[in-house]
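These values consider heavy atoms only, across backbone and side chains, with no hydrogens, waters or symmetry-generated copies.
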Amino acid sequence: MDFSVKKLASGAGVFFSRAVQFTQENLGQAEKTELDAHFENLLTRADNTKNWTEKILHQTEVLLQPSPSARVEEFLYEKLDRKAPSRVTTAELLGQYMTEAANDFGSSTPYGQTLMKVGETQKHLGTAERDFIHSSAINFLTPLRNFLEGDWKTISKERRILQNRRLDLDACKARLKKAKAAEAKATALPDFQETRPRNYILSASASALWSDEVDKAEHELRVAQTEFDRQAEVTRLLLEAISSTHVNHLRCLHEFAEAQATYFAQSYQYMVDLQKQLGSSRAELFPVGNTDPASQPLSTSTPPATLPVLQVASSNPGEATLNPVEVALPVSGTRKARALYDYEAADSTELALSADELITVYSLPGMDPDWLVGERGNKKGKVPVTYLELLS
């Protein structure tokens, strides 16, 4: 018990000494041991690495899981060291709803068939998204989190120890400076004109005491300097290891970019395949020249700037006709267009396209606004507007 009390008292004394030294340094009343420029640069780089890693980690988590409540739930499962339950992506849920709706409306109807096709594509998109999230969590988020929860905590701990060693060193320097000043004052020649020899004896005794105090302060300073130098070397090695951390994070960043590129490539291919399926189905339902009013699509959306705007120009809703003036075609009724992507004709009524090729296009009265008639040499057929860039 006595040992514990003595140890507690000693620790309290050290803490008080450090607090006094730290306060005096902030007030400019005490000298502070400065670290060399290289060490300061290492500290700055480490702090920047920690701050930016935290921001990148948080924003990546938001990207992969936009729902705050879901992120909190995953965090709790991780802290409890339990596996989080499998979560259905929004695309998968949408695909499920569309498939169920198709079965309810009848999968043999045009609407049901389209719902089934779009729903299956949404499920494929959801699966690709799930794979991307899983890959990113393992190959990118986990290494960043391990750095913050492992290496950085070790660096922070050693930096705090170094700070305490520096305060102890500066406190020892201050005590030595005071002891030397007192010794110099005590060893000053006494006034021999005074008829008080007792004062001379006391002065000599005080000089000896202060000499012992100086020796003690010098010993404490040497010990403090050794401990400070040893801790500075340990901290420096940890800070220099930040370069290895950057190399590791660089590799993880490449893997994240590759996973994201794979996800977007898969998603694009799924949508291209879906567009071809819908284009084939649309060609069967709405052939070129079909003037059946019931087959006209009801749409109020505005196409992109590169596409022609086809509007219904009729006072009678039951007699929808296309206004060729709104198409802004040349006097001849035709214009040039450049193919943005490759397009494979679904049947003989369509015209296959190759990316970047130029063709002549025009519209026919009553034609579906999503399609134009394209000509290339002696070949003619329908082409989807979304695959074209109309040239002026």
Legend entry - Residue pairs, two or more places apart or on separate chains, that pass salt bridge (Lys or Arg N to Asp or Glu O under 4.0 Å) and touch residues 97-109: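 Sorted result for residues 97-109: empty, none.
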
Inset, instruction - Kindly write out the residues that satisfy side chain to side chain contact (heavy atoms under 4.5 Å, CB included) with Lys157, not counting sequence neighbours, or none if the list is empty. - result: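 Per chain and number, Lys157 pairs via side chain to side chain contact (heavy atoms under 4.5 Å, CB included) with Arg160, Ile161.
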
Inset, instruction - Can you sort out the partners of Asp229 under side chain to side chain contact (heavy atoms under 4.5 Å, CB included), two or more places apart, ordered by chain and number? - result: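 Checked Asp229 against side chain to side chain contact (heavy atoms under 4.5 Å, CB included); matches are Gln225.
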
Quick one: side chains of residues 252-263, donor-acceptor pairs under 3.5 Å with protein atoms, not counting sequence neighbours, listed by atom name and distance.
{"from": "Glu255", "atom 1": "OE2", "to": "Arg251", "atom 2": "NH1", "distance (Å)": "3.2"}
{"from": "Thr262", "atom 1": "OG1", "to": "Glu258", "atom 2": "O", "distance (Å)": "2.9"}

Legend entry - Co-members of the apolar cluster containing Val88 [side chain, <4.5 Å]: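 Other cluster members: Leu93, Tyr97.
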
Legend entry - Test side-chain hydrogen bond (donor to acceptor under 3.5 Å, both in side chains) applied to Thr49 - qualifying residues, sequence neighbours left out: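 Per chain and number, Thr49 pairs via side-chain hydrogen bond (donor to acceptor under 3.5 Å, both in side chains) with His246.
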
Listed partners of [X] passing ring pair (Phe, Tyr, Trp, His ring centres under 6.0 Å), at least two apart:
X: Tyr341; value: Tyr387
X: Tyr111; value: Phe105
X: Phe228; value: none

Using modelled atom types only, decide if a donor and an acceptor are shared between the side chain of [X] and the backbone of [Y] within a distance under 3.5 Å.
X: Gln266; Y: Ala128; value: no
X: Thr89; Y: Glu92; value: yes
X: Asp342; Y: Ala355; value: yes
X: Gln231; Y: Glu158; value: yes

Inset, instruction - Return each pair, listed once, that meets side-chain hydrogen bond (donor to acceptor under 3.5 Å, both in side chains) where at least one residue sits in residues 132-142; pairs must be two or more places apart or across chains. - result: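 Residue pairs with at least one partner in residues 132-142: Ser135-Asn139.
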
Inset, instruction - Keeping to residues at least two apart or across chains, list the side-chain hydrogen bond (donor to acceptor under 3.5 Å, both in side chains) pairs with something in residues 36-48. - result: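 Counting only pairs at least two positions apart or across chains, the side-chain hydrogen bond (donor to acceptor under 3.5 Å, both in side chains) contacts touching residues 36-48 are Arg45-Ser243, Asp47-Arg159.
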
Legend entry - Pairs involving residues 141-173, ordered by first then second residue, that meet ring pair (Phe, Tyr, Trp, His ring centres under 6.0 Å) (sequence neighbours left out):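 Listed once each, the pairs are Phe147-His249.
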
